[in-house]
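Structure first, commentary second.
Side-chain atoms are counted along with the backbone in the values below, which use heavy atoms only and exclude waters and symmetry mates.
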Amino acid sequence: MVKKPITQAEFAAAVAAVAAVGSGGLDRNTTQSVVRTTLRWLAQIQPGHTVEIRVPPFAAVQAIDGPRHTRGTPPNVVEMDGGTWLDLVVGRLSWHEAVEQGRAHASGLRADLAGCFPMTSPTAMTSPTAMTSPPMDGA
C-alpha cells in the first residue's frame, strides 16, 4: 500500500511546531507525528532505497538514490533518537555535531546526511544529491 504523500503544508506545520517549542517541549504523540512527517518528507524529496534512516521508536524510512538494498541489514544506516532528528531538521544541531557528539550513528559509504539539514522550508533539498561521503563513525 502506498502512503499518501506529505504535502508542503503538512511539512511546514511540522517544522513550525518544532521551531516554536523545541524538540524537548513536545509531548510524545506530537513528537511521533512530527518525526514521521519529516522523515517521510525526506524520503519524498530524496527518493531511493540506499540509506535506511531510523528514529526509534517512531519511524524508519529508506531514502537517497543509489544501489537498492534488498535483504538483511542495509549497508547504509543512520540512527538517532527523536530529539536529535528534530534538532537536525530545524537546524539547532548540525549533522557533524550530531555525529561527533554520538547523538547520530551513521555507517556506510552513503550515510552522510549533512546535505539534508536543516529542512526548514518545504522547498529545501528538492533535488537529489549524491551521498558519497565516507562513513562518519569509522565503520
Side-chain angles (χ1 to χ4, degrees):
M1 175 192 281
V2 175
K3 291 186 178 187
K4 179 183 160 214
I6 300 296
T7 66
Q8 286 189 358
E10 290 169 325
F11 171 75
V15 170
V18 177
V21 299
S23 59
L26 300 174
D27 63 60
R28 183 174 167 79
N29 288 337
T30 304
T31 299
Q32 178 178 0
S33 175
V34 171
V35 166
R36 286 181 176 175
T37 298
T38 54
L39 269 172
R40 286 181 53 205
W41 181 260
L42 178 65
Q44 278 179 213
I45 63 173
Q46 293 288 333
H49 297 279
T50 298
V51 180
E52 184 164 294
I53 305 149
R54 302 172 182 168
V55 183
F58 303 116
V61 297
Q62 290 187 355
I64 314 300
D65 191 30
R68 184 183 179 112
H69 144 306
T70 57
R71 285 193 182 142
T73 302
N76 303 286
V77 176
V78 172
E79 188 166 338
M80 68 196 77
D81 63 54
T84 299
W85 172 258
L86 296 177
D87 286 345
L88 286 166
V89 166
V90 298
R92 275 194 292 268
L93 181 68
S94 77
W95 172 254
H96 297 293
E97 290 170 332
V99 172
E100 287 171 9
Q101 295 171 11
R103 294 178 61 187
H105 303 279
S107 63
L109 293 175
R110 296 175 181 259
D112 182 348
L113 300 182
C116 295
F117 302 108
M119 296 170 51
T120 54
S121 80
T123 56
M125 291 298 301
T126 54
S127 62
T129 60
M131 300 293 179
T132 58
S133 298
M136 298 301 295
D137 67 356

For the residue pair [X] and [Y], establish whether any side-chain heavy-atom pair is separated by less than 4.5 Å.
X	Y	value
L42	C116	yes
W85	I53	yes
L26	V18	yes
M80	R103	no
V15	F11	yes
D65	H49	no
R28	P57	yes

Calculate, to the nearest 0.5 Å, the distance between atoms [atom1] and [atom2] belonging to [X] and [Y] respectively.
X	Y	atom1	atom2	answer
T50	L109	OG1	CG	11.0 Å
I45	Q8	CD1	CD	10.0 Å
E52	I64	CD	CD1	12.5 Å
T31	R36	OG1	CZ	12.0 Å

Search all heavy atoms of [X] against all heavy atoms of [Y] and return the closest pair with its distance.
X	Y	value
W95	A104	CZ3-CB, 4.2 Å
A60	L39	N-CD1, 4.3 Å
V51	R110	CG2-O, 3.2 Å
A14	V34	O-CG1, 3.7 Å

Examine V35 and V61 and state if one hydrophobic cluster contains both, with Ile, Leu, Val, Met, Phe, Trp and Tyr joined whenever side-chain heavy atoms are less than 4.5 Å apart.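 Shared cluster, yes.
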Is it true that V77 and V55 fall in one hydrophobic cluster, defined by side-chain heavy atoms closer than 4.5 Å?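 No; tracing contacts between hydrophobic side chains, which count when under 4.5 Å, never links both residues.
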Between the main-chain N or O of [Y] and the side-chain N or O of [X], is there a donor-acceptor pair closer than 3.5 Å?
X	Y	value
R54	A59	no
Q46	A43	no
T37	S33	yes
Q44	I6	yes
E100	E97	no

F117: which of V90, L93, L88 passes side-chain contact (heavy atoms from CB on, under 4.5 Å):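 Running side-chain contact (heavy atoms from CB on, under 4.5 Å) over V90, L93, L88 with F117 returns exactly one hit, L88.
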Consider only side-chain N and O atoms of T84 and D81, and report whether a donor and an acceptor are under 3.5 Å apart.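 Their side chains do contain a donor-acceptor pair, which is all the 3.5 Å distance test asks for.
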